[in-house]
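Just so it is clear: chains get the letters A, B, ... in the order the sequence lines come, proteins before strands, and each one is counted from 1.
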Amino acid sequence: MKFIQLNEVEELLSDNLTIMFGGFMGNGSPHNLIDVLVDSKINFITAICNDAGLEDYGLGKLIRTEKITKLIASHIGLNPNVAKQMNNNLIDVRLLPQGTLIECIRAGGYGLGAVITPTGVGTPLETPENTITIDNRKYLIEKPLNADLSIIYGTKCDILGNIKYSGTTQNFNTKMTLASEKVIVEVEEKVDYIFDPDEIDMHYSLIDYIYVNKEIR
Amino acid sequence: MKNLIAKRVADELNEGDIVNLGIGLPTLVSKYVDDKNIVFQSENGMLGLETYNGEKNDNITDAGGSLASIKDGGMFFDSAFSFGVIRGGHVDVTVLGALEVDQEGNLANWIIPGKLVPGMGGAMDLVVGAKKVIIAMQHTNKGRKKILKKCTLPLTAAGHVDMLITEMCVFQFTSEGMELIELCNGYTLDDVKENTEAEFKIKIKST
């Protein structure tokens, strides 16, 4: 695990990356890391995120740049730019139920072969190819999701990079930590001691990079 | 009118229930549950959701992304756990709005193809997982019928609706089909029939 500055983030990026973004409607989102992507020259991002934020908040800031050409999410309705870009064929959107999306990310990180869920049976998500019946109950099969990069958030970290989450900020962040090749975490505050093992939500050995907004002494 | 519907929904909740309220009209239900010790779940990661009480904590939001608070004794968790609670059948009641409901208990509330594509969010999981699904909505959309013989819009889930509460009446869905069990607020059976395309049995409970 390495602590980095914002100006070191761009060299970790390139075109055509699949990136998982933590956060739920901007809550628990890595806002400053998103700004780096907004200002960067990279393009053709496949983004995996619960939602598209608002027009100018959270992932919405990156959506506005049209650098995301493919989006896998559960809800996009609160960002009108997504619909506009869809209509102009600038973005391909795949909608998954939120429970299926988080399970696919969890399965990707946890080394499972598939997600088998009753959610979506009887809806347009069901096809002849993706259904399975177990003990007389129908389920849909979805493949796990993995990414090149997870760009996520943490509330506090300690001097080693162990992470704690506050409030509802955990959402997709912890599962996204395991599902990507490389993990960059934006943390609000870094304390100057080591957290008690009872207190932590994510271990530093599972993280590659941390950008700290504020150091607390 | 929305508050009347919300109040009637609240009558269906039992002491200590775990309840998940969808956005829009369903959120009003929380105003009417005072003494029942309801545990409200917010799909983005908490049990014990409380409307924002003024103690600003940017780290706590509800499922619409607005500032919220957590009750004493509440719990925070991640999205995988949250949807385990939802899909795994641990939510006693979910209350959602609808674009369309049909007489088979099918629900459509996530897309109008070519016109409105907000996405399903947690709705599909909620309807499949919750022990009781209550749809709370206005009976018609500016006079246009929403309670149909068969949904025309893509479904959120098939056959999971248990109860439908509007300003006019209450329907329940059982193995016998769709039943009108209550007329509300001075509306008559004719009012309901004129504004409902779905076919239903009349089983109005006498008070």
What residues, two or more places apart in sequence or in another chain, satisfy salt bridge (charged side-chain N to carboxylate O under 4.0 Å, His left out) together with B/K149?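 For B/K149 the salt bridge (charged side-chain N to carboxylate O under 4.0 Å, His left out) partners, ignoring immediate neighbours, are B/E199.
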
Does any heavy atom of chain B fall under 4.5 Å from the side chain of A/I102, the backbone, both, or neither of them?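 A/I102 touches chain B through side-chain heavy atoms alone.
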
Need one label for A/L101: side chain, backbone, both or neither, based on atoms under 4.5 Å from any heavy atom in chain B.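 The answer is neither part of A/L101.
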
Which bit of B/I60 is near chain A, if near means a heavy-atom gap under 4.5 Å: side chain, backbone, both or neither?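 Both backbone and side chain.
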
Would you mind checking which part of B/A157 comes under 4.5 Å of any heavy atom in chain A, side chain (CB onward), backbone (N, CA, C, O), both or neither?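 It is the backbone, since no side chain atom gets that close.
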
Using only distance (under 3.5 Å, no hydrogens or angles), which donor-acceptor pairs connect chain A and chain B?
| from | atom 1 | to | atom 2 | distance (Å) |
| --- | --- | --- | --- | --- |
| B/E43 | OE2 | A/Q98 | NE2 | 2.9 |
| B/D58 | O | A/N27 | ND2 | 3.3 |
| B/N59 | O | A/T168 | N | 2.8 |
| B/N59 | O | A/T168 | OG1 | 3.0 |
| B/N59 | OD1 | A/Y153 | OH | 3.4 |
| B/N59 | ND2 | A/S166 | OG | 3.4 |
| B/T61 | N | A/T168 | OG1 | 3.0 |
| B/T61 | OG1 | A/N27 | OD1 | 3.4 |
| B/D78 | OD2 | A/T174 | OG1 | 3.3 |
| B/D78 | OD2 | A/K175 | NZ | 2.7 |
| B/S79 | N | A/N171 | O | 3.1 |
| B/S79 | OG | A/N171 | O | 3.3 |
| B/R87 | NH2 | A/G99 | O | 3.0 |
| B/P118 | O | A/I76 | N | 2.7 |
| B/P118 | O | A/G77 | N | 3.1 |
| B/M120 | N | A/S74 | O | 3.3 |
| B/G121 | N | A/S74 | O | 2.8 |
| B/G121 | O | A/Q98 | N | 2.9 |
| B/D125 | OD1 | A/T119 | OG1 | 2.7 |
| B/D125 | OD2 | A/G99 | N | 2.8 |

Looking at [options], which has the largest count of heavy-atom pairs under 4.5 Å with chain A?
options                       : result
B/L116, B/V128, B/V117        : B/V128
B/A68, B/A63, B/G45           : B/A63
B/P154, B/G74, B/G159, B/G129 : B/P154

Quick one: of A/A83, A/G99, A/G26, A/A73, who has the most non-hydrogen atom pairs under 4.5 Å with chain B?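 Greatest number of close heavy-atom pairs with chain B: A/G99.
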
Is there a side-chain contact between B/M124 and A/L125, using heavy atoms and a 4.5 Å cut-off?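 SC-SC contact between B/M124 and A/L125 confirmed.
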
Flag if over 12 foreign heavy atoms under 6.0 Å of NZ, B/K193: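 No - once you tally the heavy atoms of other residues, nucleotides and ligands closer than 6.0 Å, there are 12 at most.
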
Counting neighbours of CG on A/L206 that are heavy atoms of other residues, nucleotides or ligands and sit closer than 6.0 Å, is the number greater than 12?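 Yes, enclosed.
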
